[in-house]
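Here the structure is a predicted model, which means the values were calculated and not measured. In what follows, residues are counted from 1 in the order of the sequence shown.
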Amino acid sequence: MDKFAPNSVIASVTSYEDLEYAIMSEIEYVFSLSTNILTLYDTIKRVHSKNKKIYIHTDFTEGIGKDKYALMFMKKLGVDGIVSTRSNIIKMARELGLSTVQRFFIVDSHSVNTTIESIKASKPDMVEIMPGIIPKVITAIKKEIDKPLIAGGLITSRKEIDEAFKAGADGVSMSNKNFWNKFN
């Protein structure tokens with residue numbers, strides 16, 4: 001399992017242009033949120049060519065099923081890990097030896113409790129909480145889990161990044177490339 005360096009900014013890329021920028025930036029980790037069966041190998045190869053780690057968001061990968069064989073295929077291509085909201089995908093990926101990030105969307109107090117229970121059941125290597133601008137929730141969840149926690153979503157300023165780290169986040173994933181060279 002990978003473990004991010006403290007206070008890591010993770011490039012969350014949604015386009016080819018953003019991928020190119022991330023590859024040339026100082027960040028060490030890339031979350032690819034927009035790939036497909038035709039671009040997957042090239043994406044992995046390009047990120048690895050700069051000694052960076054690539055995590056593929058399986059829920060958004062087009063042309064590949066959301067099953068064990070898709071995960072086996074990604075592993076064979078050399079992906080470092082996967083991101084998913086689905087507990088069954090997280091469990092399968094862990095069984096295959098892939099590093100996992102499970103993403104959760106927090107919308108109310110009930111979702112905080114169900115998130116904690118889901119983490120305990122699926123046992124992801126890392127957890128991403130969205131939106132990342134909720135320090136109170138980051139602190140509450142971090143107290144209950146023994147996993148690296150990533151804050152992601154709706155973070156747009158240095159102040160929000162700092163607040164997430166102060167609340168206990170181990171990393172911040174963001175698509176705003178203006179921050180990819182300022183922290184690592």
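Side-chain heavy atoms closer than 4.5 Å link hydrophobic residues (I, L, V, M, F, W, Y) into clusters, and following such links, possibly through other members, connects Val47 to Trp180. In the hydrophobic clustering of this structure, Ile23 groups with Ile56; members are Ile, Leu, Val, Met, Phe, Trp, Tyr whose side-chain heavy atoms approach within less than 4.5 Å, directly or through other members.
Residues Lys166 and Asp162 are not paired through a salt bridge, judged by the lack of any N-O separation under 4.0 Å between the basic side chain and the carboxylate. Ion pairing of Lys68 with Glu95 is absent here, as no side-chain N (NZ or NE/NH1/NH2) approaches a carboxylate O to less than 4.0 Å.
One N or O on the side chain of Thr100 and one on the backbone of Asp125 form a donor-acceptor pair closer than 3.5 Å. Side-chain N or O atoms of Lys52 include one that pairs as donor or acceptor with a backbone N or O of Ser25 at under 3.5 Å.
No side-chain heavy atom of Arg94 sits less than 4.5 Å from a side-chain heavy atom of Leu98. For the pair Ser111/Phe105, no side-chain contact is recorded, criterion being any heavy-atom separation below 4.5 Å from C-beta on.
Put simply, NE2 on His57 and OG on Ser84 are 6.5 Å apart, with the number rounded to the nearest 0.5 Å.
Shown here for Ile89 and Ile82, the closest heavy-atom pair between the two residues is CG2-CD1, 3.9 Å. For the pair Ala169 and Ala151, the tightest heavy-atom approach, listed with the atom from each and the gap, is CB-CB, 4.2 Å. A pairwise comparison of heavy atoms in Lys66 and Asp59 identifies CE-O, 3.7 Å as the closest pair.
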